[in-house]
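I have placed the structure first, in the form of structure tokens, so that the comments after it can refer back to it.
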Amino acid sequence: MAEKIVYKKPDSLTDKIFSYCWGCGHSTVHKIIAELIDELGMREKTIAVAPVGCAVFAYDFWNFDTTEAAHGRAPVVATAIKRVHPGHLVFSYQGDGDLASIGMAEIIHTANRGENLTIIFINNTNYGMTGGQMAPTTLIGQKTTTSPAGRNIKQNGYPIKMSEMLAQFESVKYVERVKVTNAASVIKAKKAIKKGFLNQLNGTGFSFIEVLSACPANWRMEPLAAKAHIDGVISKYYPVGLIKDIK
Amino acid sequence: MTTGKQLIKGNTAIVEAALDAGCRFYAGYPITPQNEIPETMSWRMPEEGGTFIQAESELISINMVFGASAAGARAMTTSSSPGISLMQEGISYMAGCELPAVLVNVMRGGPGLGNIAPSQSDYFQAVKPGHGDFHIITLAPHNISEMYDYTFDAFDLADKYRIPVMILADGLLGQLMENVELDRSRKPALLNAPKPWALTGASGRKGQRIVSLLMQPGALEKHNMDLNEKYNLIKKNETRHELAGMEKNPEYLIAAFGTCARISKGTMNIAADAGIKTGLFRPITLWPFPYEALKEAAKKVKKVFVFEMNLGQMVEDVRLAVGDDSKIEFYGRPGGGVPTAEELFEFIRGKVK
Ligand SMILES: Cc1ncc(C[n+]2csc(CCOP(=O)(O)OP(=O)(O)O)c2C)c(N)n1
Ligand code: SF4
């Protein structure tokens, strides 16, 4: 009897083993992106832009064309790539320090120009790569290496809700916040990213998917506790679900 | 714009040269004295079927150029001094990633917001840009036909060596209108040369990457050494200068680039009338700087007069080339001051009597 393949490593992943920490959300999101690109048959027509952050090494794991971008500049690098190759699938993949802090101008103007791009925003409420410093998304009271007493509203203001903010722009077509804490939420996250990719391929326009993602290493938590922290605490301030969808 | 004699502004010449060279992506942000470039590009680029984007900052311009170049397009951005400061990060990334592009700095007075008068205040920045161990090629035109020619050449140079190339002009060259003969029949030699490194989608191959991050032990050191080999090749093949007036065996040499070299040509005539013979050494590539040629020319004269529209930047390279500080006399006007030919002549006369 012929074997039936029910699961295999996507062609859009290289053989390199993920080097992210145990329980890190980056691994999960990298994999679902690779699966989707296979499913959409786009491996040979995809160009990704990696961030500066832990996911700077995304190009080690993805088997499609990928460029680095300076810290925060990924959306405008992606803009130019898409303008040069309008028929390709172009996306940027960025952390919350990259996108919501140093790259704030880049993401806002890219959204406002309504570039036909997909942006995948990994919100782990801190700067993972540099050792867990405070980000604009760090929760009130959250202890980080630069807010050892906890984030303080008086000094640091409130955590920025990028999805809600970008949804205000007329030219933004689709915004959804998802999480990757268990099988069910991963399936939802994958659906949202797929929609973001399809929107681009259909010419619908700018799509933004925020993923609440665990950083167990810097949260000083076991992987399972980190996921429970997203379900129990983080998603209270950053509610998951559809925020905007314009056809 | 057509071939043949015509009245054209420096900034417009840059636009037409870029389009003739096959540039099909431009991003830029308004800043005086280069605004005619984005303004003209905004309608000329679409006419040629390319992309014009008014970027929301110079950080965005340079990173768009990074993306367009990574995707295989001939790309350009232009600005003036404060905007070029904002681009330093992107220039460094492009050097690290070996991405070709053409950058134009129509210099104004500085530091800070400075003023909008012509200046050569960014020589240091142009020849020693960004962070990290790298170079870019810098070309310094001194009239409007060179604004066209050097910009045109810059695209082939950039592709040939996978390197950013800067045109270092100033507010005077940008704004000046001259009746010039343009040769627009030239075809860019490398326009259709393959770019196997570019990101075009991994069709029939594995995914490839454009990166400057090299974390494996020794990998970055090797990359720096490879870059250096390329820089040595550029020094050998592309170093350019103009040497004028040497046939009359002058006693004195003027060293100047760009607008100051142009003014110095007037000074040479005034000096000749007064019985003082001078030659002119004009570096065309500021990096690579023509050290050897200047060293040879300086051997034949008593003094080297260095004229700049700053307080002494290129003079450091002149000193390195000449190797005898007692021969060097510097005169500079900072902050948007433009010397006259007579003023430079008076300085020479004061030193040689
Ligand atoms: C201009 C610049 N400033 C600072 C840094 C240092 N840096 C590297 S990664 C990073 C933060 C990354 O955090 P985030 O975007 O949240 O991604 P994560 O690592 O958490 O996935 C910083 C500040 C840099 N590389 N470049
Ligand atoms: S530091 Fe955090 S974001 Fe970075 S790999 Fe580890 S868990 Fe993931």
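Just so you know, these numbers come straight off a predicted model, no measurement behind them. Letters A, B, ... are given to chains in the order of the sequence lines, protein chains preceding strands, and every chain is numbered from 1.
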Who among B:Ala68, B:Cys97, B:Gly72 has the most heavy-atom pairs with chain A under 4.5 Å?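 If we count pairs closer than 4.5 Å to chain A, B:Ala68 comes out on top.
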
At a heavy-atom separation under 4.5 Å, does [X] approach chain A through its side chain, its backbone, both, or neither?
| X | result |
| --- | --- |
| B:Ser203 | both |
| B:Ser92 | neither |
| B:Arg205 | both |
| B:Gln208 | both |
| B:Ser69 | neither |

Counting a contact as any heavy-atom pair under 4.5 Å apart, which residues of residues 98-107 of chain A contact chain B? A:Ala105, A:Glu106

Non-hydrogen contacts under 4.5 angstrom with chain B: give the residues of residues 56-89 of chain A involved, or none if there are none.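 Answer by number: A:Val56, A:Phe57, A:Tyr59, A:Asp60, A:Asn63, A:Phe64, A:Asp65, A:Thr66, A:Thr67, A:Glu68, A:Ala69, A:Ala70, A:His71, A:Arg73, A:Val76, A:Val77, A:Thr79, A:Ala80, A:Ile81, A:Arg83, A:Val84, A:His85, A:His88.
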
Would you say that more than 12 heavy atoms from the other residues, nucleotides or ligands in this model lie under 6.0 Å from the [atom1] of [X], or not?
| X | atom1 | answer |
| --- | --- | --- |
| A:Glu39 | CD | yes |
| B:Phe124 | CZ | yes |
| B:Ile116 | CD1 | no |
| B:Lys195 | NZ | yes |
| B:Gln216 | CD | no |
| A:Phe206 | CZ | yes |
| A:Lys9 | NZ | yes |

Out of curiosity, [X] [atom1] to [Y] [atom2], how far, rounded to the nearest 0.5 Å?
| X | Y | atom1 | atom2 | result |
| --- | --- | --- | --- | --- |
| B:Ile53 | A:His109 | CD1 | NE2 | 13.0 Å |
| B:Lys206 | A:Asp11 | NZ | CG | 12.0 Å |
| A:Asn112 | B:Glu56 | CG | CD | 8.0 Å |
| A:Lys45 | B:Thr200 | NZ | OG1 | 11.0 Å |

Using non-hydrogen atoms only, which part of A:Val52 is less than 4.5 Å away from chain B: side chain, backbone, both, or neither? side chain

